[in-house]
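This report refers to the structure that appears directly beneath it.
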Amino acid sequence: MRFYKPEELRAGMRLAKQIYNKQGVLLYERGLVLTDQIIASVQKFGLLGVMILDPAEPLPPISAEEQEFEQLQTAYMFRLRDCLIAISKGNQPQDLSPLVSDIVRRFGSLNHPASFSQTIRSSEDYNYKHAVCTAIFSAIIAHRLGLPAVTMNELVTAALLADFGYLYVPREIMARHEDELTNIDLLSIEQYRAKALQLLKPETNPYGLGERTFTTLSEFLKVSRREDPKLVTAAFHLNTKILMVADKYDRMTAMRLNYQPVTSVQAIRHLEKQDMIYDPSIVSALSSALSILPVGQCVALSANRRGMIVSQTPGDQFHPQVLDLTTNAVYDLSSPKLRGVIEIRDLLTSMDQRYHFDAQSLRHFVPDMPLQTMTRRIRMRLEKARKREAARLARVAR
């Protein structure tokens with residue numbers, strides 16, 4: 001399964017994920033073979049790209065939970081958009097409180113590892129979908145940490161409003177990766193974010209937001225899109241720390257223009273390494289709350305091994321029982337003897353092991369002398385056969 005930009009699509013490719021329109025109506029089903037007409041429609045729709053199955057890859061199963069998550073993202077996105085438009089005009093966001101309650105009710109009480117998949121985001125809806133996913137991840141983490149309902153509601157509200165300012169940032173800046181942002185870009189983003197916070201009118205609070213919501217939003221303003229190792233987060237409120245983890249995880253795994261999303265395993269590994277910025281207990285809560293390595297998932301192991309998860313270790317999904325696809329041996333990665341010897345490096349996104357050669361690569365291929373001799377003989381035989389056939393046809397014509 002690979003990510004392709006619209007201009008890279010070719011007829012005959014198969015969709016790995018469903019495509020919905022802006023109203024949440026299903027346009028194209030998973031497994032559909034692309035035609036020139038469908039590709040033209042996708043390109044006009046304004047998508048950043050689509051996930052495509054490899055030629056030899058079967059269509060992966062999708063759970064009812066994943067399908068519901070994709071549909072809810074679309075519905076929540078439009079509800080949030082209406083709320084933010086109302087705030088920008090100085091009107092009451094009538095649906096904000098019901099939206100927060102719905103997210104908390106659905107995702108703030110999950111007691112099993114949740115299976116979620118990212119949906120395709122266009123340039124028009126990226127910020128809305130990011131805010132929605134950040135709010136959902138925040139609710140999941142808050143439940144794992146045992147936060148009370150009032151605190152969870154204020155956290156989810158802050159998550160939905162945290163990206164308000166990004167809606168005003170010029171698109172050419174938003175399209176850049178964190179590492180590509182200049183100091184001027186970062187200053188511009190900071191100004192737009194601060195301006196959006198003022199639209200919420202914290203002094204008079206006409207929208208009835210909780211005190212912790214404003215605390216979280218104010219602290220989150222100090223968090224740059226580019227990770228700052230000098231940022232001191234120890235004094236931040238717990239809600240702010242949760243929002244930072246949820247925000248970064250979604251940004252890393254989401255699909256965006258000119259940036260290849262990373263796998264959930266890579267995202268969690270990154271958050272774990274940056275333990276001075278992201279609270280380890282919060283990262284652990286997120287990791288345990290998501291079904292990142294389910295049974296049947298193929299993974300890339302250390303020492304260039306490839307495996308498939310056959311059984312999970314309770315409470316430790318990163319050390320399951322894995323079947324080596326080369327030797328058929330089963331490794332229990334939870335065993336102390338294998339710690340540091342064999343470990344899961346990443347998800348295996350493709351089972352296609354064929355070599356891909358382009359025209360430029362083939363120019364470097366030089367056949368050896370025996371192959372040249374054999375090729376010359378074959379050409380001579382074909383030429384003689386062609387001449388005999390031409391002579392026969394000439395005799396028949398006479």
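Computation of the quantities below employed the complete heavy-atom set of this structure, encompassing side-chain atoms and omitting hydrogens, waters and symmetry-equivalent molecules.
- In the displayed structure, Leu382 atom CG is contacted under 6.0 Å by more than 12 heavy atoms of other residues, nucleotides or ligands.
- Side-chain contact of Ser188 with Asp185: a donor-acceptor pair under 3.5 Å is absent, judged by distance alone.
- Under the rule for a side-chain hydrogen bond (donor to acceptor under 3.5 Å, both in side chains), the partners of Ser334 that lie at least two apart in sequence or sit in another chain are Asp332.
- Applying the salt bridge (charged side-chain N to carboxylate O under 4.0 Å, His left out) test to every pair with at least one member in residues 279-305, sequence neighbours left out, gives these pairs: Arg305-Asp324.
- Remark: Phe220 pairs with no residue by the ring-ring contact (aromatic ring centres under 6.0 Å, His included) rule, at least two apart or across chains.
- Remark: His130 pairs with Arg121, Tyr126, Thr134, Asp163, Asp247, Asp250, Arg251 by the side chain to side chain contact (heavy atoms under 4.5 Å, CB included) rule, at least two apart or across chains.
- The list of side chain to side chain donor-acceptor pair (under 3.5 Å) pairs with a residue in residues 88-99, not counting sequence neighbours, reads Arg79-Asp95.
- With sequence neighbours left out, the side-chain hydrogen bond (donor to acceptor under 3.5 Å, both in side chains) criterion links Arg144 to no other residue.
- The salt bridge (Lys or Arg N to Asp or Glu O under 4.0 Å) search around Arg212 returns Glu154, not counting sequence neighbours.
- Judged by distance alone, the side chains of Tyr331 and Glu343 never bring a donor and an acceptor atom under 3.5 Å apart.
- Distance alone, capped at 3.5 Å, places no donor-acceptor pair between the Glu66 side chain and the Ser115 backbone.
- The side-chain hydrogen bond (donor to acceptor under 3.5 Å, both in side chains) test applied to Gln266 returns Asp346, not counting sequence neighbours.
- Within the structure, side chain to side chain donor-acceptor pair (under 3.5 Å) pairs that include any residue of residues 232-243 comprise Glu219-Thr240 (at least two apart or interchain).
- Side-chain contact between Tyr28 and Val50: absent, with no pair of heavy atoms (C-beta onward) separated by less than 4.5 Å.
- Applying the 6.0 Å contact sphere to CZ of Arg105 captures more than 12 heavy atoms from other residues, nucleotides or ligands.
- In this structure Arg377 satisfies the side-chain hydrogen bond (donor to acceptor under 3.5 Å, both in side chains) test with no other residue, sequence neighbours excluded.
- Applying the salt bridge (charged side-chain N to carboxylate O under 4.0 Å, His left out) test to every pair with at least one member in residues 382-397, sequence neighbours left out, gives these pairs: Glu383-Arg386, Glu389-Arg392.
- Taking a 6.0 Å sphere around CG of Asp275, one finds it holds more than 12 heavy atoms contributed by other residues, nucleotides or ligands.
- Checking Gln312 against Gln317 by side-chain atom types alone, no donor-acceptor pair falls below 3.5 Å.
- With sequence neighbours left out, the ring-ring contact (aromatic ring centres under 6.0 Å, His included) criterion links Phe116 to Phe69, Phe107.
- Paired with Arg30 under the rule side chain to side chain contact (heavy atoms under 4.5 Å, CB included), one option of Ile19, Leu53, Leu59 passes, and it is Leu59.
- Annotation: Phe137 is in aromatic contact with Tyr249 [ring centroid separation under 6.0 Å].
- The shortest non-hydrogen separation linking Val33 to Ile38 is O-CD1, 4.0 Å.
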